[in-house]
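Right, one structure below, let's go through it.
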Amino acid sequence: MTKQVRQLDRVVIRFAGDSGDGMQLTGDRFTSETAQLGNDISTLPNFPAEIRAPAGTLPGVSSFQVAFADYDILTPGDAPNVLVAMNPAALKANLADLPRGADIIVNTDEFTKRNLARVGYDSNPLEDGSLAGYSLHPVPLTSLTVNALAGFDISKKEAERAKNMFALGLLCWLYSRPHESTIQFLRQKFARRPEIAQANIAAFQAGWNFGETTESFAVRYEVKPAQMPPGNYRNITGNMALALGLVAAGVRSKLPVFLGAYPITPASDILHELSKHKKFNVTTMQAEDEIAAVGAALGASYGGALGVTTTSGPGVALKGETISLAVALELPLVVIDVQRAGPSTGMPTKTEQADLNMALFGRHGEAPAVVLAACSPADCFSMALEAARIALTYRTPVILLSDGYIANGSEPWLLPDIADLPDLTVTFATEPNGPDGRFLPYLRDPVTLARPWAVPGTPGLEHRIGGLEKADKTGDISYDPANHDFMVRTRAARIEAIPVPDVTVDDPDGTARVLVLGWGSTYGPIGAACRALRQRGLAVAQAHLRHLNPLPKNLGQVLRAYDRVVIPEMNLGQLAHVIRSRYLVDAISYNQVRGLPFTAAELESMLEEVLKNV
Amino acid sequence: MSETSVGGPGRLTLSAKDFKTDQEVRWCPGCGDYAILATMQSFLPELGIPKERIVFISGIGCSSRFPYYMDTYGVHSIHGRAPAIATGLATTRPDLSIWVVTGDGDALSIGGNHLIHALRRNVNIKILLFNNRIYGLTKGQYSPTSELGKITKSTPVGSADAPFNPVSLALGAEATFVARAIDSDRKQLATVLRAAAEHQGSAFVEIYQNCNIFNDGAFDILKDPSSRDAALIPLEHGRPLTFGRENQSAVVRAPSGFGLTVRPTSEVSPDEIIVHDETIADPAYAFALSRLPQADLSHTPVGVFRRVSRPTYDGLVREQIATAAADVTDREAELAKLLNSGDTWTIL
């Protein structure tokens, strides 16, 4: 049977199932195949905090959304065109996000009376007509998989577990994806159990063949490769990009990297990844607590390493006192906060950007630190290098903000040439810098205002530093009022004076009267909303901050060039507060704290309202 | 960077005065810290380690002012965190001799977690805990080593907190070197410091230190010529544990339970008397020794309780790095390989 092939420019698929159904893996594999094909992609996993919530329940649903297109896309999509629901819970938890007409592929084997009752279905939605507005494809995924694997010497349970690969095979057929890398991947993953590898490959192929022969799918689709800048690409998550950026910072600074970390969602993957890269002189220490993690990192920095600590909001709260110490000691320190929904434990697997206030102000005393924010998964690589550059050059703690959305989300990353990465070479102090051969640990570089980095082991530069206020130049303990005033102002001034790139404005025809200002992971949804408005002939400008302290020097000028400034944030207006107080600009703060990224559609309709009223 | 070898070829000739700084020492007159500082300054030259390779790291409290007075590298850090900071430094810098100076509040209250984890990891740092059984710098509250019922500013009708025994705690935390010394006995203190310096791994030294302002005389029974001989049990490796002016007391196994006890030497046969062995692998022996002191501090062992060998955390970590890095000749090329790993594709 020859099937019709239809061209699409963009598809959003959501794989949803029980947290034990392997949906993250399925989504990852589909993404990888799609990337190979040259589509632009963006992904968003969504999983429960529970490792294995009771099977078949709503809290146990795990999903993975992937958007792919023949043009450059900015978000994983507001609403899926296709939902793969492995059980009734997955259907129920995700149905509300589906527009009418969307395709739903369900595993009918799981739609038993018991499973339906467990999630509160009184009747079977596959039969009661409630899904009439959708394009429903009922497929007995489990039994088809078990049948396909009848000849394998594996248990029924093992056969059933391969159903995600059957579903993946079907989707790969449906969207004309290649499949070589998945087969290779399965061989590698189950290298120690070849029969399981073979079974999974067979399930994958059975899914593909099922698509080819079944009448349930009359059409298959193609999405042509996107026009992207030439070069080598890989798909990357924000956490992976941060880890690689830190490795690169070590190589480019020729310093050992020391990561002190305590496991915390959603930052732990950075620790896991960095622990694999010892060959680059990267040391990872899983400390006894968040405080020890940052303390050890600072100790390593004192000794001449690049000290780094990675955590999420609750961890930053605990590290505050040590970050203040780093402010006083004026040593390099990179603190990465992968933000999650708070306060307190909040929703650890859900995203938010509500730690900005803490990053900017969350320390005792006048304790200025540099604050940066990555705007997309791939941007995390550059921002890790930027954090290291500023920390090493200016001898200061740098807080780099990411969040759960870009930490776990992925996009294609144009691989850089190593030679194009910034040179982070540092110079340690080796000679006394004061009169009579004295060493003055707080005598500053006239350009960077950084103090000398004199590491233990350097003869003749023995000195003591500490958290007590220090006299200018000598670093001796000082309670002198004028000195304290001077040192407080100097610490503030030296951070404020750090040169950061000007903020750029995306205002294609230069006629916009409204500027949307964002920071962090809202970059994608804001960009997609602006693009949609422009396609409808509405002019809107977008600017996005990656440096939050110090702010770009041209920011005030940029803000004043527009009649209205709108600041969408996944918090209650933390950047808006800074902008209003600092630039006296009456910015409109648009907020949403649902633990989910903005959808482009909601930003588009919000901005449309603003545009109407300018 | 090569590993620090202490007590090696002492070609370097430094003296106590080389370790003095230009900073005015600001402990209260009569404070036990002066004696400890003087002992440290006069003992350090023996190690033959150049000054620039010695680092003192402290937390907060009276004792933690110590680094300012030592002409080495030093960090006066924040309350309780010195062992954590020292761990990061020791892990990346094997060429340094790192000393943590802390107090009973700093190490056992606010920094308790870092202390026990540094000890269990056996990081190559030397931890000197100045125990005065009181909070000095905050002006006289009870500490985690103050005796039950202690009347202080914050406990006007007596403390309801049971105290820690720091030596027992360190042993419970798997410390490989545990010792006790007294501020006023400079010779014994220097002996213990020397042994600590020579130890590869975490060395924990509790130093009884008199706070003459808020807890004066806390250790008088161990210092007063009329009482000290009967109260102190000097620990010497390989020597039978007898003490008292006439060696009239002896340490023997307790008749019941699992511990040790003190009996008149005349009432026990010589082979019942415990011969001190710092190197016993089972910490139960050292622990039993640590439980000998009575509430009034009589029967307090001083010296090295335990000295055993175990791989250090920092050493193991560096070994992993060295093994992994052994084949890497061109780090930039290796980085390019890493970035280009996984599923990649090319757009022409």
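By convention in this document, chain letters (A, B, ...) are assigned in the order of the sequence lines, proteins followed by strands, and residues within each chain are numbered from 1. Keep in mind the model is a prediction, meaning the values are calculated, not measured.
For B/Ala86, no part lies under 4.5 angstrom from a heavy atom of chain A. For A/Phe381, the part lying under 4.5 angstrom from a heavy atom of chain B is the side chain only. Only the side chain of A/Leu421 comes within less than 4.5 Å of a heavy atom of chain B; its backbone N, CA, C and O stay farther away. Contact of B/Glu334 with chain A is made through backbone and side chain together, with heavy-atom distances under 4.5 Å. Heavy-atom distances place the side chain of A/Phe258, and not its backbone, under 4.5 Å from chain B. Contacts between B/Thr72 and chain A at a heavy-atom distance below 4.5 Å involve the backbone alone (N, CA, C, O).
Between A/Arg29 and B/Asp343, at least one side-chain N (NZ, or NE/NH1/NH2) sits under 4.0 Å from a carboxylate O, which counts as a salt bridge. Ion pair B/Asp71/A/Arg464 flagged as a salt bridge, since at least one NZ, NE, NH1 or NH2 atom sits closer than 4.0 Å to an Asp/Glu carboxylate oxygen.
Pairing each heavy atom of B/Leu89 with each of A/Gly299, the nearest pair is CD1-O, 3.5 Å. When every heavy atom of B/Ala324 is checked against every heavy atom of A/Lys278, the shortest pair comes out as CB-CB, 3.7 Å. Taking both residues in full, the closest heavy atoms of A/Ala305 and B/Thr92 are given as CB-CG2, 4.3 Å, listed atom of the first, atom of the second, then distance. Nearest approach of A/Thr284 to B/Tyr313, heavy atoms of both residues: O-OH, 4.1 Å.
Counting only distance, with no hydrogens or angles, the side chain of A/Arg234 and the backbone of B/Asn340 share no donor-acceptor pair below 3.5 Å. Remark: side-chain polar atoms of B/Tyr73 are paired, donor with acceptor, to backbone N or O of A/Thr458 under 3.5 angstrom.
Between chain B and the residues A/Pro456, A/Gly295, A/Gly460, the most heavy-atom pairs under 4.5 angstrom are made by A/Pro456. The residue among A/Gly231, A/Gly466, A/Gly467 with the most heavy atom pairs within less than 4.5 Å of chain B is A/Gly231. Residue with the most contacts toward chain A among B/Ala84, B/Gly74, B/Ala82: B/Gly74 (heavy-atom pairs, distance under 4.5 Å). Most heavy-atom pairs under 4.5 Å with chain B: of the set A/Ala292, A/Ala293, A/Gly307, A/Ala248, this distinction falls to A/Ala292. Taking A/Pro412, A/Pro230, A/Ser32 one by one and counting their heavy-atom pairs under 4.5 Å with chain B, the maximum is reached by A/Pro230.
With contacts defined as side-chain heavy-atom distances shorter than 4.5 Å, the pair A/Tyr302/B/Ile85 does not qualify. In this structure, the side chains of B/Arg81 and A/Glu321 come closer than 4.5 Å at one or more pairs of heavy atoms. A heavy-atom distance below 4.5 Å is not found between the side chains of B/Val328 and A/Asn281. Between B/Tyr68 and A/Asp476 there is no side-chain heavy-atom pair separated by less than 4.5 Å. Counting heavy atoms from C-beta outward, A/Leu461 and B/Glu52 have side chains that stay 4.5 Å or more apart. When side chains are defined from C-beta on, A/Glu288 counts as touching B/Arg121, because their heavy atoms get closer than 4.5 Å. Residues B/Ile347 and A/Leu414 are not in side-chain contact: their nearest non-hydrogen atoms beyond the backbone lie 4.5 Å or more apart. At least one side-chain heavy atom of A/Met285 sits under 4.5 Å from a side-chain heavy atom of B/Thr87.
Taking a 6.0 Å sphere around CZ of B/Arg26, one finds it holds 12 or fewer heavy atoms contributed by other residues, nucleotides or ligands. No more than 12 heavy atoms of other residues, nucleotides or ligands shown are found within 6.0 angstrom of CD on A/Gln227. Under a cut-off of 6.0 angstrom, the local environment of CZ in B/Phe43 is crowded, with over 12 non-hydrogen atoms contributed by other residues, nucleotides or ligands. Within a 6.0 Å sphere centred on OH of A/Tyr262, other residues, nucleotides and ligands contribute 12 heavy atoms or fewer. Open room surrounds NZ on A/Lys224; 12 or fewer heavy atoms of other groups in view lie less than 6.0 Å from it.
A/Ser181 OG to B/Trp345 CH2: the interatomic distance, rounded to the nearest 0.5 Å, is 10.5 Å. Atom OG of residue B/Ser341 and atom CG of residue A/Leu244 lie 7.0 Å apart, to the nearest 0.5 angstrom. Once rounded to the nearest 0.5 Å, the distance linking CG of B/Leu335 with CZ of A/Arg252 reads 9.0 Å. Annotation: the span from A/Asn235 atom CG to B/Thr344 atom OG1 amounts to 11.5 Å, rounded to 0.5 Å. Separation of atoms CD1 (A/Ile236) and CG (B/Leu339) is listed at 8.0 Å; rounding is to 0.5 Å. One distance of note links OH of A/Tyr233 with OG1 of B/Thr346; it measures 10.0 Å at 0.5 Å rounding.
Residues of residues 106-119 of chain B having a heavy atom under 4.5 Å from any heavy atom of chain A, listed by number: B/Asn113, B/His114, B/His117. Against chain B, the residues from residues 327-334 of chain A that qualify, each with a non-hydrogen atom under 4.5 angstrom away, are A/Leu329 in number order.
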B/His76 and A/Ile465: side-chain contact (heavy atoms from CB on, under 4.5 Å), yes or no, with the steps?
CA-CA 6 Å; B/His76 177 214; A/Ile465 53 177; over 6 Å; no
Please assess A/Val282 against B/Ile321 for the test side-chain contact (heavy atoms from CB on, under 4.5 Å), listing each intermediate value before the final yes or no.
CA-CA 7 Å; A/Val282 174; B/Ile321 302 260; 5.7 Å; no
Is there a side-chain contact (heavy atoms from CB on, under 4.5 Å) between B/Val75 and A/Leu298 once you walk through the steps?
CA-CA 11 Å; B/Val75 182; A/Leu298 185 59; over 6 Å; no
Derivation and outcome, side-chain contact (heavy atoms from CB on, under 4.5 Å), residues A/Arg438 and B/Asp22:
CA-CA 12 Å; A/Arg438 274 190 74 191; B/Asp22 60 357; 4.2 Å; yes
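Considering B/Arg331, B/Lys337, B/Glu332 as possible partners of A/Ile418, the one that fulfils the side chain to side chain contact (heavy atoms under 4.5 Å, CB included) test is B/Glu332.
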